[in-house]
Amino acid sequence: MEWFDWATFVTFAALLGPQFHPAGDTATNVLQTLSVFAVGFLFRPLGGVLIGAYCDRHGRSTALRLSLLMMAAGSLLIALAPPYRTVGALAPALLVVARALQGLSAGGEGAAMSTYVNEIAPPGRRGLYSSAVYISTTLGSLAATLLALLLHDTLTPAQLADWGWRVPFALGALLALYGWYLRGRMRETPVFEAVRERPGNPVRQVLRTHPRAAVRVAGFTLGATVVYYTFASYLPLYAQLRYGVPANAALTAAVVAQVVFMAALPLFGAAADRFGRRPLLLVFGLGSACLAPLLFGLLSGSAVRLGVVMTAALLLFGCYAGAAPSATLELFPTALRSSGVGLPYALTVAVFGGTAPYLIEYLSAHGHAGWYPWYVVALCLISTVSFLRYRETKDVDLAAVGER
């Protein structure tokens with residue numbers, strides 16, 4: 001439900017623009033809304049610092065409850081916020097506050113969730129267990145897409161613009177309460193409970209004792225975050241705006257691609273356990289760098305082509321998703337694990353992932369849409385260099401990871 005809340009914003013970006021910004025053309029309103037979407041990402045590094053440190057000091061389960069409440073609060077604020085025509089500049093200000101709360105939540109949630117799953121996984125199965133992380137986040141995005149499809153089918157455009165866009169935000173906030181209850185019943189990981197000395201400032205200690213590992217996490221994330229937020233998150237809306245693909249057809253293509261991606265994830269996770277993290281990471285990096293221009297070239301007014309492009313990109317990303325959560329966490333000792341991954345991961349996602357939808361729209365609006373695929377290529381090649389320099393960690397004992 002937390003990632004349902006996060007995905008809902010970009011899914012309904014075209015409807016949010018006229019509600020929270022002054023009257024203007026569609027492209028301008030979408031750009032304004034996507035700039036607010038990017039603001040949420042700017043708060044993710046702070047969330048990575050605060051919730052990551054809280055996670056390493058007080059436990060994984062308590063940190064996960066905190067992050068869920070913050071995400072739900074942001075969604076509820078969007079659902080209840082008055083439009084621009086009623087309160088003027090206060091409307092976009094409330095939207096920014098809501099996205100700040102969601103950004104803080106998402107910045108800490110990713111590392112805390114991955115840390116918990118990896119620490120409860122049996123030896124030799126961390127890749128397989130970690131696939132559940134991206135399955136759950138994709139389920140959230142898929143639920144947002146399906147609800148958008150349902151609302152487009154059952155409501156008129158006027159109803160959607162008037163009040164229909166509020167439904168997913170309100171629903172996400174309410175259902176998050178059930179998630180909060182479930183997380184209250186989570187047991188702490190034995191690996192964390194065995195730690196006798198917990199650092200007073202985990203982030204400072206990470207930067208002092210594990211700077212290379214932190215830089216490696218950022219290098220791993222560069223290409224992956226741009227690929228994910230381009231092909232999994234924004235491409236359906238991009239196809240609608242630039243190629244005239246009908247909304248329902250674009251959303252249906254996204255649903256098919258996400259289902260295929262989720263079905264393949266356990267296979268990628270199991271492969272990472274059997275063959276190692278490094279081979280799968282290299283397949284993602286090199287494959288994405290080679291295919292990004294081709295995939296963009298295939299886009300047209302056809303929803304079928306959109307589905308093929310999204311599926312191909314997500315299957316490549318699946319190689320990363322099956323290997324990277326374990327590979328990055330295996331670089332840090334237990335007392336610094338969440339902070340070690342949380343800060344560099346959230347910072348990289350904020351700078352490159354959060355700005356991806358805005359950048360592709362900005363370049364397209366200025367007649368330079370062809371530049372964007374090469375931007376993706378460049379970042380994937382940088383990540384590939386990081387993968388080549390990575391020393392395999394699939395056989396390490398998480399409880400025994402010490403100073404590196």
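Any value given below was found using the heavy atoms of this structure, including those in side chains, with hydrogens, waters and symmetry copies removed.
Classification of K394 and E330 as a salt-bridged pair fails, no side-chain N sitting under 4.0 Å from a carboxylate O.
One distance of note links OG1 of T221 with CD1 of I382; it measures 12.5 Å at 0.5 Å rounding. Remark: Y181 OH to L68 CG distance equals 14.5 Å, nearest 0.5 Å. Going from atom CG of L251 over to atom CG of L142 covers 11.0 Å, rounded to the nearest 0.5 Å. With values rounded to the nearest 0.5 angstrom, L46 atom CG is found 9.0 Å from I51 atom CD1. To the nearest 0.5 Å, atoms CG (L286) and CG (L381) are separated by 7.5 Å.
For the residue pair D56 and S338, no side-chain donor N or O sits within less than 3.5 Å of a side-chain acceptor on the partner. Inspection of the T334 and R337 side chains reveals an N or O donor paired with an N or O acceptor under 3.5 Å. One side chain, Y372 or T230, offers a donor N or O that lies under 3.5 Å from an acceptor on the other. Judged by distance alone, the side chains of S141 and Q258 never bring a donor and an acceptor atom under 3.5 Å apart.
Checked against a 6.0 Å centroid threshold, the rings of F317 and Y320 count as neighbours.
The two atoms that bring A232 and L314 nearest to each other are CB-CD2, 3.5 Å, heavy atoms only. Minimum heavy-atom separation, R166 to P83: NH2-CD, 3.9 Å. Considering every non-hydrogen atom in both S288 and L316, the closest pair reads N-CD1, 3.8 Å.
With hydrogens and angles disregarded, a donor-acceptor distance shorter than 3.5 Å links the side chain of D273 to the backbone of L128. In this structure, the side chain of S105 does not engage the main chain of L101 through any donor-acceptor pair within 3.5 Å.
Other residues, nucleotides and ligands contribute over 12 non-hydrogen atoms within 6.0 Å of the OH atom of Y375.
For the pair R277 and Y390, the NZ or CZ position fails the cation-pi test of under 6.0 Å to the six-membered ring centre and within 45 degrees of the ring normal.
Among the candidates F261, Y238, F296, the single residue satisfying the ring pair (Phe, Tyr, Trp, His ring centres under 6.0 Å) test with F231 is F296.
Using the six-membered ring where Trp is involved, W165 and F169 have ring planes that are perpendicular, over 60° apart on the 30 and 60° scheme.
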Criterion side chain to side chain contact (heavy atoms under 4.5 Å, CB included) on L315 and V260, from CA distance to verdict: CA-CA 8 Å; L315 286 176; V260 173; 4.1 Å; yes
